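Following: one structure in structure tokens, then a few remarks.
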Amino acid sequence: MRIDFNINPCPKPRMTRADKWKKRPIVLKYWSFCNELQLLANKYKYKPGEVVDLIFYIPMPKSWSKKKKLSMLGKPHKAKPDIDNLAKAFLDALLHEDSYVYSLSAEKYWSDKGSIMVITGD
């Protein structure tokens, strides 16, 4: 079974204590992502299990030409954001404690629209 979360993937930023009062845009974007992802997970009644398989679809920049967009559609995404920060943001948004997850598989590809696909064993 697979679940598609129609949300732009957002990496987990490195945060400091100052982020409590100094509202950096990347941190605000991350917290907004977490809230939206939690709402979608509740809607689909999804909670990550011990094995998590993720596919991140990263939207292509608007500045790219149509030709470049066509050539990159579906190709592996080899630029920032890093895949480990995307996976960490996903797990941290949905789990208070993620230490029970013993297997994590993640991929990222270029796409027209951002989304996160979760493949479940159910």
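Atom set for the values below is all heavy atoms of this structure, side chains included, hydrogens, waters and symmetry mates excluded. Everything quoted here is computed from the prediction, not taken from an experiment. In what follows, residues are counted from 1 in the order of the sequence shown.
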*Is the shortest heavy-atom distance from the side chain of L95 to the side chain of V101 under 4.5 Å?*
yes
_Close side-chain approach of W110 and P61, heavy atoms under 4.5 Å_ = yes
*Please name the pair of heavy atoms, one in I26 and one in P13, separated by the smallest distance, quoted to 0.1 Å.*
CG1-CB, 3.9 Å
*Contact check, side chains of W64 and M72, non-hydrogen atoms, under 4.5 Å*: yes
*Check: S111 and I58 side chains under 4.5 Å, non-hydrogen atoms*: no
*Which residue pairs pass the side chain to side chain donor-acceptor pair (under 3.5 Å) test when at least one of the two sits in residues 15-30, sequence neighbours left out?*
D19-R24
*Take L54 and L104, measure what side chain to side chain contact (heavy atoms under 4.5 Å, CB included) needs, and give me the verdict at the end.*
CA-CA 8 Å; L54 303 169; L104 173 64; 4.1 Å; yes
*CG on L86 to CD on E107, rounded to 0.5 Å*: 13.0 Å
*Could you list the residues that satisfy side-chain contact (heavy atoms from CB on, under 4.5 Å) with S103, not counting sequence neighbours?*
V51
*asked:* Between T120 and D53, is there a side-chain heavy-atom distance shorter than 4.5 Å?
replied: no
*asked:* If hydrophobic clusters are built by linking Ile, Leu, Val, Met, Phe, Trp and Tyr wherever their side-chain heavy atoms come under 4.5 Å apart, do L94 and Y102 end up in the same one?
replied: no
*If you measure from CG on N8 to OG on S32, what distance do you get to the nearest 0.5 Å?*
10.5 Å
*asked:* For K75 and L73: C-alpha separation, side-chain torsions, deciding distance, then whether side chain to side chain contact (heavy atoms under 4.5 Å, CB included) applies.
replied: CA-CA 6 Å; K75 298 261 173 76; L73 185 62; over 6 Å; no
_Which Ile, Leu, Val, Met, Phe, Trp or Tyr residues join I119 in one cluster when any pair of side-chain heavy atoms under 4.5 Å counts as a link?_
I55, Y57, Y109, M117
*Can you list the other members of the hydrophobic cluster that holds I83, where links are side-chain heavy atoms under 4.5 angstrom apart?*
none
*Taking all heavy atoms of A89 and all of C10, pick out the closest pair and write down the distance.*
CB-O, 3.1 Å
*Mark yes or no for whether N6, through its side chain, and S115, through its backbone, hold a donor-acceptor pair below 3.5 Å.*
no
_Enumerate the side chain to side chain donor-acceptor pair (under 3.5 Å) contacts for residues 77-93, please, sequence neighbours excluded, ordered by first and then second residue._
K12-D92, H77-K108, K88-D92
_Expected output: side-chain S65 to main-chain K68 donor-acceptor under 3.5 Å_ = yes
Distance-only criterion, 3.5 Å: show the donor-acceptor pairs between side-chain atoms of residues 33-48 and protein atoms not counting sequence neighbours.
residue, atom, partner, partner atom, Å
N35, ND2, W31, O, 3.3
Q38, NE2, A93, O, 2.7
N42, ND2, Q38, O, 3.4

